[in-house]
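Working notes, beginning with the structure itself.
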Amino acid sequence: MNFKVSKRIFYNALQVVSRSISANSPLPSLSGIKIEVSEDHIILTGSDSDISIQKILNNEDEDLNLIVKETGSIVIEAKYILEIVRKIDADEINFEIVDGSLTKISGLSAEYKINGMRSTDYPAIDFSKPSQQFSIDADILMKIINQTSFATSDKETRPVLTGVNFKCKGNKLECVATDSYRLARKEVELEGDNNFNITIPAKSLNEIVKTIEKDGKVNVCVSDKKAQFWINNTLIQTRLIDGSYPETERLVPNEFLYEMIVDSRDILNAIDRASFIKNEGISIVKLSADSKEVVISSKSQEVGSSTEKLNVISYTGDPLEISFSGRYVFEAVRTLATPTVKIQFSGEMKPFVIKNNEDDSVLQLVLPVRTYS
């Protein structure tokens with residue numbers, strides 16, 4: 001293997017691929033990036049066996065300046081190749097296998113020799129395309145992930161809740177995340193008919209967000225074992241989470257007795273100010289509302305108390321007192337990214353929903369907290 005390539009483009013590609021690599025991989029080869037060089041392109045692959053990222057570089061990429069003297073492949077530990085390529089102060093860098101797996105990386109007056117691993121030691125990853133495919137606007141996919149993945153569970157006791165459920169019938173895609181105490185749901189319409197029900201790890205979705213470019217389309221291919229996201233010349237492949245996702249539709253109330261419309265910044269700031277007062281590390285915020293005023297408060301026997309009158313656009317319904325996790329409501333309102341939010345309540349101990357006042361495709365639900373004060 002012997003080739004020359006643009007440092008900037010190659011380094012950017014290495015950074016993308018390296019995001020799939022775990023620092024604590026059980027397989028030594030999976031701590032590395034696999035570099036495969038053909039006559040007119042380079043394929044970079046990284047994986048932690050749960051998520052795999054593959055990046056293809058070819059001379060159609062502007063300023064790649066790829067010159068291949070000898071084809072071949074090698075695996076080089078990710079942390080070393082990233083550091084070496086970053087530190088070489090040259091526009092173009094040279095790679096050459098000089099002896100077995102010893103690889104020379106050079107540019108201008110700098111030269112490194114580093115021990116690689118044979119590509120035959122790298123596990124075979126099946127990148128074949130599943131037959132069920134659809135295309136989605138990149139910005140819509142970003143919204144789906146940003147407005148749902150935060151509500152997944154970070155506890156492995158119920159693995160299926162650590163992912164976002166993607167369920168499609170016909171052209172309607174419903175994406176749901178819950179950790180049993182809150183729920184986030186986003187619905188979009190796709191072109192063409194599809195039928196699948198899969199759960200994708202939140203960790204994988206968050207890596208996809210980092211790779212998506214806001215303009216353009218993302219091609220998604222799914223089976224009952226894996227999902228692929230094709231973003232230009234980058235492929236992100238993720239395993240799915242086994243197990244049936246719980247039926248969440250029954251959690252969402254059908255009728256509401258109280259409704260409040262409020263400026264998003266006002267309620268975010270009020271919750272933020274109240275949330276520093278915590279009980280056992282958790283900020284419980286109380287909302288007291290009637291036709292005259294709405295008050296946000298919090299208190300702790302150890303710390304003290306906080307009370308703030310909230311400026312609301314409108315409130316309808318009888319007087320209401322409800323307590324909830326300040327963090328859950330803060331995150332739900334923030335991810336809606338809208339100037340105003342509508343909050344609808346069914347009762348003091350029933351789940352309540354937070355919506356974009358002008359977009360019914362997204363819904364956030366939070367369970368209240370029982371307090372004894």
Side-chain angles (χ1 to χ4, degrees), residues 139-152 175 177-179 181-188 206 209-210 214 252-253 256-279 281-300 303-317 319-346 348 351-369 371:
D139 63 329
I140 291 176
L141 181 58
M142 285 185 75
K143 278 186 180 176
I144 288 173
I145 297 170
N146 289 333
Q147 292 178 342
T148 58
S149 64
F150 74 95
T152 56
C175 305
T178 182
D179 62 2
Y181 303 102
R182 56 177 167 174
L183 177 145
R185 185 178 73 196
K186 175 77 174 175
E187 296 173 345
V188 299
N206 292 331
V209 163
K210 295 174 188 173
K214 286 192 176 180
V252 182
F256 302 97
L257 303 175
Y258 321 82
E259 181 178 292
M260 181 173 78
I261 297 173
V262 63
D263 182 282
S264 297
R265 281 182 303 179
D266 285 351
I267 192 165
L268 285 173
N269 290 338
I271 290 174
D272 184 48
R273 284 188 284 267
S275 291
F276 82 94
I277 295 176
K278 297 181 178 181
N279 279 299
I282 300 170
S283 66
I284 303 300
V285 173
K286 182 178 179 182
L287 183 143
S288 307
D290 58 33
S291 57
K292 295 177 183 175
E293 66 177 14
V294 176
V295 174
I296 293 277
S297 61
S298 61
K299 73 175 180 177
S300 158
V303 182
S305 64
S306 153
T307 304
E308 178 174 346
K309 186 176 177 182
L310 186 65
N311 292 320
V312 297
I313 296 167
S314 67
Y315 175 80
T316 54
L320 170 72
E321 285 193 351
I322 191 166
S323 298
F324 49 81
S325 161
R327 179 168 73 90
Y328 285 0
V329 173
F330 186 93
E331 290 177 347
V333 172
R334 185 179 59 186
T335 57
L336 290 176
T338 178
T340 61
V341 290
K342 181 197 295 180
I343 307 178
Q344 296 173 303
F345 306 91
S346 296
E348 293 182 359
F352 58 95
V353 301
I354 306 168
K355 294 180 179 178
N356 180 334
N357 209 13
E358 299 172 354
D359 179 9
D360 282 339
S361 74
V362 59
L363 173 144
Q364 307 288 350
L365 178 145
V366 177
L367 269 66
V369 175
T371 56

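Quick caveat, the model's predicted, so the values are computed rather than measured.
In this structure the side chain of V329 reaches within 4.5 angstrom of the side chain of I271, judged on heavy atoms. No side-chain heavy atom of S325 sits under 4.5 Å from any side-chain heavy atom of V366. Within the 4.5 Å cutoff, side-chain heavy atoms of I322 are placed close to those of L287. Proximity of V333 to V262: side-chain heavy atoms (C-beta onward) are nowhere separated by under 4.5 Å. Contact of the V295 side chain with the E321 side chain is not registered, since no non-hydrogen atoms from C-beta on lie closer than 4.5 Å. Taking the side chain as every heavy atom from C-beta outward, Y315 and L320 approach each other to under 4.5 Å. Contact of the R182 side chain with the Q364 side chain is not registered, since no non-hydrogen atoms from C-beta on lie closer than 4.5 Å. Using a 4.5 Å heavy-atom threshold, the side chains of V188 and K143 count as separate.
Side-chain atoms of T148 never come within 3.5 Å of backbone atoms of A177 as a donor-acceptor pair (strictly under, hydrogens ignored). For E187 (side chain) and L363 (main-chain N/O), no donor-acceptor pair under 3.5 Å exists by modelled atom type. The backbone N or O of I284 sits nowhere less than 3.5 Å from a side-chain atom of S298 that would complete a donor-acceptor pair. Under a 3.5 Å cut-off, the side chain of D266 and the backbone N or O of N269 do not form any donor-acceptor pair.
Around atom CZ of F256, more than 12 heavy atoms belonging to other residues, nucleotides or ligands sit under 6.0 Å away. The environment of R265 atom CZ is sparse: at most 12 non-hydrogen atoms of other residues, nucleotides or ligands sit within 6.0 angstrom.
Rounded to the nearest 0.5 Å, atoms CZ (F324) and CD1 (I354) are 7.5 Å apart. Interatomic distance, CG of N146 versus CG of L141, reported as 9.5 Å (0.5 Å rounding). Note: K309 NZ to I296 CD1 = 13.5 Å, rounded to the nearest 0.5 Å. Distance OG1/T338 to CG/D263: 9.5 Å, rounded to 0.5 Å. Between the CE atom of M260 and the OG atom of S314 there is a distance of 9.0 Å, given to the nearest 0.5 Å. The structure places OG of S361 at 7.5 Å from CG of N356, a figure rounded to the nearest 0.5 Å.
Closest non-hydrogen pair, K355 versus L336, comes out as C-CD1, 3.7 Å. The shortest heavy-atom contact between S305 and K299 is CB-CB, 3.6 Å. Listed here is the closest heavy atom pair of R334 and L268: N-CD2, 4.0 Å. The shortest heavy-atom contact between R273 and S306 is O-OG, 4.4 Å. Heavy atoms only, all atoms of each residue included: S283 and R327 are closest at OG-N, 3.9 Å.
The ring-ring contact (aromatic ring centres under 6.0 Å, His included) check on F345 picks up F352, with sequence neighbours excluded.
Side-chain contact of N206 with S149: a donor-acceptor pair under 3.5 Å is present, judged by distance alone.
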- Assess whether side chain to side chain contact (heavy atoms under 4.5 Å, CB included) is satisfied between K186 and D359, documenting all intermediate values. CA-CA 10 Å; K186 175 77 174 175; D359 179 9; 3.9 Å; yes
- Task: Report the C-alpha separation of I267 and I343 in whole Å, then their side-chain angles, then the decisive distance to 0.1 Å, and conclude whether the side chain to side chain contact (heavy atoms under 4.5 Å, CB included) test is met.
- Result: CA-CA 11 Å; I267 192 165; I343 307 178; 3.7 Å; yes
- Verify side chain to side chain contact (heavy atoms under 4.5 Å, CB included) between Y328 and D179, making sure each step is shown before the conclusion. CA-CA 11 Å; Y328 285 0; D179 62 2; 3.3 Å; yes
